[in-house]
Each structure stands twice: as C-alpha cells, then as structure tokens.
S.K.: 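Supplied in structure tokens, the structure appears directly below.
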Amino acid sequence: MAGARHQNVMPGDVITTGPYRPEEHTVLDGKRILATAVGVSEIRDDSVRVVPLAGMYYPRVKDFVIGKVVSHTSLSWELEINSCYVGFLPASDVFGRDFSAHADDLTSHLAKGDMVAARVANFDRTRDPLLTVQDRDLGKIDIGELASLAPGKVPHLIGKNGSTIRAIEESCRATLAVGDNGWVVITADDPDGLLKAERAVRMIDEGAHEAGISERVRSMLETG
Amino acid sequence: MGGRDTDVVLLDENGVRCDGRRIDQTRRVEIRAGVLRNAHGSAYIEFGDNKILAGVFGPRDVHPKHMSDTDTGILRCRYHMSPFSVTERKNPAPSRREIEISKVIKEALEPSLMLEKFPRTVVDVFMEVLQADGGSRCAALSAASVALADAGIPMRDMVCACAAGKVADTIVLDVNNEEDQAGQADMPVGYMPNMDRITLIQLDGVLTPDEYKRCVRTAVDGCRQVYEVQKKALADRFFGGGGKEGSGDGA
C-alpha cells in the first residue's frame, strides 16, 4: 500500500507503514499510519495527511471564514461558522476602543442574519474561536449569493496557485470570497455568471475526489 | 442446557440451519450511507430481516450544559424500536432493554471515536429499528459506525458487529430470531478490524471455555464480513463505488 501518492481511504485504513509524519486526519498506531476520516490520502515529502470528504470545519488561527450572525450579547456577537463551535466577535473589534456597552447598540452595525467576512484571531480547546474583522476586506458582507462546499474541498476550489478560482472568476465575471470554513460568497453583475459560478462550486463539492475535476470545471465554464 | 423447547429443527444432519444457512454463514447484509438529508451523517442497514436507520448529529453544543466535558466531547446513543418493528405493538417508551442496548452501543463506539478533539461538544447517534429479527444490536452498531463515518467524525477505526452462538450443541455464526429464542447461547461481538480490538462482547447462555473461544473467533470472522459491506457502503457514497486508485487533483 505504501508508495501511492493519493488513495481513497476510510477510517481505520492503513495509509502507509513508512517513516512519515502523521498530519491532519491521520493517527499513528505503532508503525502504521491510519486514516481517521473518509477522504483522499496524500503522501507529500515526509508527511501524510488525509483530505476529508465529510465533516465540519475545525477552526485554526488566521483562517479566513464567512460567518452568519446568530445572536449577540451586550459585548459581542455570536457567528455561525459551519463549525461545532460558534465564532465570537467582540464589539470592541467593530466599534473601536471607545466602545461602551451602555451607549452603543450592537444591532446598528450587525444584526441577526447578517453575513460577515472575518479571520480567526485566537482559538484553543478551552474557548470558542475569537474572530476579528480588523483587516483589509473583512467586515459585513452587503451583497452576494452564499454557496457552500465541504471544508476539506476548499483547496480544490482554489486550485494550484489559485488557478481554478481564477478561471471561475474570469469566466463568470464574478468575485468569490472563499471561507476556509467552506462557505463561499459569490458576487456578480450578470445573473448567468452567478449561476455558472454556483454550478462550478457545486461541481467541485460533488466531485473533488475524482480525477481531472479541475479540467471538467474548466470545460463546463467554457461551454457554459 | 439452555434453550426453549421448540418444534423447529434448528440444525439438521447436513449442517443446514432453520433458515437454510450453513453454520458459518451470515444473513444477507446490505448497508447504504447518507440516506437522510437532515442528519449530519446517516446509514440504513438490512441485516437479514432487521431494518435499521441510524442518524448522527454533531459535534454540536451540549444541552443540557451541565453534561458537557471541558476535556473531551461526549457521545450519546439512543437505540429505539418502532412500535411496528415487532409482531405485537411495542410501547414506544424506552424499555429497560433499549436503555441497556443504548448503553452498550455507546460503550462499543467510544473506543473508535476521537472525541478528545472536540471538547465541550456532543455527538448524538440515533438508531431506529424499523423491523427487528434478532441480532438488532449488532446491526444497529454497524449502521451507527457507518453513519459516524458519513458525518466525518474522526475515528481510529470502524466498528463492525456480528453475533455468534450455540445452537443444537454447535457454534454458529449470526444467530437469527428463532435460534436466539430456542438456542443455547448468543454472543454479540463488536470489533475494530484494523486495530484488532473487541469493543463489545456480551453472552447470554452457557458455554465451556473452549466453546467460548470458538464462539469469539466465529463472531470476529462474521464482523470482518460485515466490515467489507460497511466499506462498500462508504465507497458507494463518497467514491461512487470506486476502488483505491485515488485522484491526485488536489491543490
């Protein structure tokens, strides 16, 4: 089994017994490296990982995420980020240092149901992920269509050096904000372009593990 | 020793059982993964005449909050028999037996799951028996494991389950309802095939130490057969039935 660069795996499958470092979605059992999720295994340089085809988003610091406001307290918003944990966006991050819980109304900036582009500022096992919008291109999303795909398939949507997403954006004359949590906001002037971009995202979600998916998406974009 | 009086010939002189199987043969097993849209993961199993649906939610917030564990995620399992799953209407309230089976299935799945990766969360597994025919806990456990894999919950290995037992003084694989009622022993076994670990073992009946060992070995052989069906169900769901070749189209 060892030696294959990519293979379809299921939980418990032995990926390799070679001297590799077990990374995401793998576990070391004696000398064997086992897969812990259904997906495609990758042996790269000295490490082994599995790109899962199912499962929720697990936050990591510096990840770019698309979130949806689900509720707020007097000090912060809670954002659904397609994860088992809710994202936590402090009010001071939006209002600035002179934020006052008495004087400022949180709903004046972000109300329930609003979409937000944010970055994970901090996250560990003990508390929910802390989000920030203090960076370029972050903050409330006013327009766009929300699409989603499995978080593990986000690299397939982006493609090698961003080739796939660039092809989609150019062909559909659309802009795609791709969250690492698998949520994608598509904006386009032309409704046909929007639908085409949505179809491309759905194609990648359904067939990311199949050989030549990038080429098939490109041919779909060309033929319409 | 053991077993009720019955007119049914459980094992004839040719080694053929009451339903026509050989002693080392399981009933027909079929599993489909991803059958429910609203659950995060799901599976449907037909194990002989057993028909069971399993649905998984999570990891998600724990309610009630006091049940949450800051060190690890927790697992909750509910095995339930529908009122129409047996010949006499079954009261839908959880019975003593269902509570026991929920508990043993939870404990059989736990070693396979890596819930320590999701502290303060819960994974809920619901198993609904639509039709029961003996060995439903093994069938439910096998379906639950496929549903958990379908939901993408990290797991060290799959858990497959099959029973063995003693019928007419012979160790047989996968006892059915008649054999369970009239046989001498029934032993459900849950097994992690790649880790080679048993996660569930129960025994109803009396066996000698030698029979016990043979019974475990027989059940584990059955588990391996169920494992192949589980793998096929997941391959059909995620790889369109494709084999091991992989793709290599990643970024």
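Please read these numbers as outputs of a predicted model, since none were measured by experiment.
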S.K.: Quick check: closest heavy atoms across A/R125 and B/D71, and the distance to 0.1 Å?
M.R.: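 Shortest heavy-atom contact: NH2-O, 2.6 Å.
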S.K.: Heavy atoms only: give me the nearest B/R120-A/D128 pair and the separation to one decimal.
M.R.: NH1-OD1, 3.1 Å
S.K.: Which pair of non-hydrogen atoms, one from B/N194 and one from A/R32, has the smallest distance, and what is that distance?
M.R.: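 Here B/N194 and A/R32 meet closest at O-NH2, 2.8 Å.
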S.K.: Can you name the closest pair of heavy atoms from A/M10 and B/K231 and give their distance?
M.R.: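 Answer, listing the atom of A/M10 first, then B/K231: CE-O, 3.3 Å.
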S.K.: Is chain B contacted by the side chain of A/V51, its backbone, both, or neither, given a heavy-atom distance below 4.5 Å?
M.R.: neither
S.K.: Give the member of A/A35, A/A37, A/P11 that has the highest number of heavy-atom pairs under 4.5 Å with chain B.
M.R.: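 Ranked by contacts with chain B, first place is A/P11.
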S.K.: Which bit of A/A150 comes within less than 4.5 Å of chain B, counting heavy atoms only: side chain, backbone, both or neither?
M.R.: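 Looking at A/A150, nothing touches chain B.
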S.K.: Yes or no on side-chain contact (heavy atoms from CB on, under 4.5 Å) for B/F239 and A/L53, after CA distance, side-chain angles and deciding distance?
M.R.: CA-CA 10 Å; B/F239 307 119; A/L53 293 174; 3.3 Å; yes
S.K.: Return the option, out of A/G39, A/S83, A/S163, with the maximum number of heavy-atom pairs under 4.5 Å with chain B.
M.R.: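 Option with the top pair count is A/G39.
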S.K.: Around A/R173, counting heavy atoms of other residues, nucleotides and ligands shown, do more than 12 lie under 6.0 Å from its CZ?
M.R.: no
S.K.: To the nearest 0.5 Å, how far apart are OG1 in B/T121 and OH in A/Y85?
M.R.: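 That separation rounds to 5.0 Å.
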S.K.: Taking every non-hydrogen pair under 4.5 Å, which of A/A54, A/G162, A/P52 racks up the most with chain B?
M.R.: A/A54
